[in-house]
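Let me begin by presenting the structure, written as structure tokens, before commenting on it.
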Amino acid sequence: MNVKLLVKREVAVLEAYQAREIPCSVKLDANESPYGFHRALGAVSALQTNRYPDPEAKKLRTVLARHLGVKVENILQGNGSDEIIYHLITTFGGPVLYPVPTFSMYGIIGQILGEKTVAVPLDRNFDLHMGRMTAAIRKKRPQIVFLSTPNNPTGNCFSPDRVLKIVATSPGIVVIDEAYQPFAREKGFMPLLNDYQNLVIMRTLSKIGLAALRFGFLVADEKIVHEVNKVRLPFNVNALSQAVAVKVLRGGKALGTVVQKIAAERDLLMRAMMDIRSITTFPSEANFILFRVADPNGIHAELLRRGILIRNVSDAVDGCLRVTVGTSRENRKFLQALRSCVGKSS
Ligand code: PMP
């Protein structure tokens, strides 16, 4: 039997997503936080392993609602925000439109679900190109637009007036992916939720020290939450993750302190990278920095040879690499290695 012939066409043409574990001593490739909340793992000892988790994740949604100043009914839980993207596209269908370069899962999940995807190039400053965006929206009438701000892998926020114009003029849902918003100087779009019925905000705990839990969520009008909730599988967020996330979120200032520390380290790292003359460093509002080098493949490999793993994004952004902000010690090691690698290649 030829299994491939039985597979749906849109799946047969895909390659599985490669999230390989590459051995290294300094891991700065995946936009994780260098700081964990390991003590909160104690919260799982009170769980009963024979019982299903709370299917509605009520405690966790309640504590999030309080943090964000929204109602519990406005929040929908996901097994990471990847799953939220899946649920949104399953619910609303395509065309799915997004600027590029951006987070790859909007396009990948759109394809998996057999929907039409529309990629619209950003402008030279990695901001939304309004001419191209409005033309594409008018022509393709997307059911969903995804805007990651701060954007991965470029690191910048899109101009808020451009984002709002797209929200106001799109015929369908506009999802603002705020995975990196905690690290940004601007406040984000949460306060505007009541003004736009087609606005969905996506957040995740992955970048702020809880990537292991796989917890992401959307915040939107109750009517949107009601529809998307129909495609969510009953127990999508496991009991261990719910318990640990509640414990950390109730833990007072610790989360905020860690985020501030990472943003401060980012600014230090940025200044040091800007002093390296043979590379171009792009401004960042996130927990990572994009930079351009003469030989991205060579520098990436040479850093890895020295035990430092960063992300080669040169397929998406010409000549570019992306480094996640680590501890000050990790950042120093990275800088030292980078200076010596680019010195060698120039
Ligand atoms: N959105 C963006 C912009 C991201 O960069 C990522 C992770 N790389 C995600 C969403 C997915 O995050 P999660 O771990 O919550 O699935």
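One-based numbering, in listed order, for ligands and for the atoms of each. Residue numbers count from 1 along this sequence.
Within ligand 1, the atoms closer than 4.0 Å to a non-hydrogen atom of D82 are 11 (C), 16 (O), numbered from 1 in the order shown. For ligand 1 and Y180, the ligand atoms under 4.0 Å from any heavy atom of the residue are 3 (C), 4 (C), 5 (O), 8 (N). Below 4.0 Å from some heavy atom of S206 lie the following atoms of ligand 1, by number and element: 13 (P), 14 (O), 15 (O). Each of the following atoms of ligand 1 lies closer than 4.0 Å to a heavy atom of S81: 9 (C), 10 (C), 11 (C), 12 (O), 13 (P), 15 (O), 16 (O). The atoms of ligand 1 that sit less than 4.0 Å from any heavy atom of G80 are 15 (O), 16 (O).
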Is there a side-chain contact (heavy atoms from CB on, under 4.5 Å) between N287 and S33 once you walk through the steps? CA-CA 8 Å; N287 67 338; S33 165; 5.7 Å; no
Run the side-chain contact (heavy atoms from CB on, under 4.5 Å) check on Y180 and F288 step by step: do they pass? CA-CA 9 Å; Y180 301 99; F288 57 84; 3.7 Å; yes
Go through the steps to decide whether N236 and E83 satisfy the test side-chain contact (heavy atoms from CB on, under 4.5 Å), and finish with yes or no. CA-CA 9 Å; N236 63 325; E83 191 185 58; 2.9 Å; yes
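The shortest separation from a heavy atom of R214 to ligand 1 is under 4.0 Å, placing the residue in contact. For the pair S148 and ligand 1, a heavy-atom separation below 4.0 Å is found.
Remark: aromatic rings of F146 and Y98 are distant, center separation not under 6.0 Å. Aromatic pair F291/F282: centroids not less than 6.0 angstrom apart.
Among all non-hydrogen protein atoms, the one lying nearest atom 8 (N) of ligand 1 is K207 NZ, 3.0 Å. Counting only heavy atoms of the protein, atom 6 (C) of ligand 1 lies nearest to F103 CZ, 3.4 Å.
Cation-pi contact between R203 and F217: absent, since separation from the ring centre below 6.0 Å together with deviation from the ring axis within 45° is not met. Geometrically, K261 engages Y35 in a cation-pi contact, judged by NZ or CZ lying under 6.0 Å from the ring centre and within 45° of the ring axis.
Any N or O atom pair closer than 3.5 Å counts here, and T204 shares at least one such pair with ligand 1.
Tested against D127 for a side-chain contact (heavy atoms from CB on, under 4.5 Å), the candidates P99, C157, S159 yield a single pass: S159.
The heavy atom nearest to atom 2 (C) of ligand 1, considering only N287, D177, L213, is found in D177.
Heavy atoms of N152 found under 4.0 angstrom from ligand 1 belong exclusively to the side chain.
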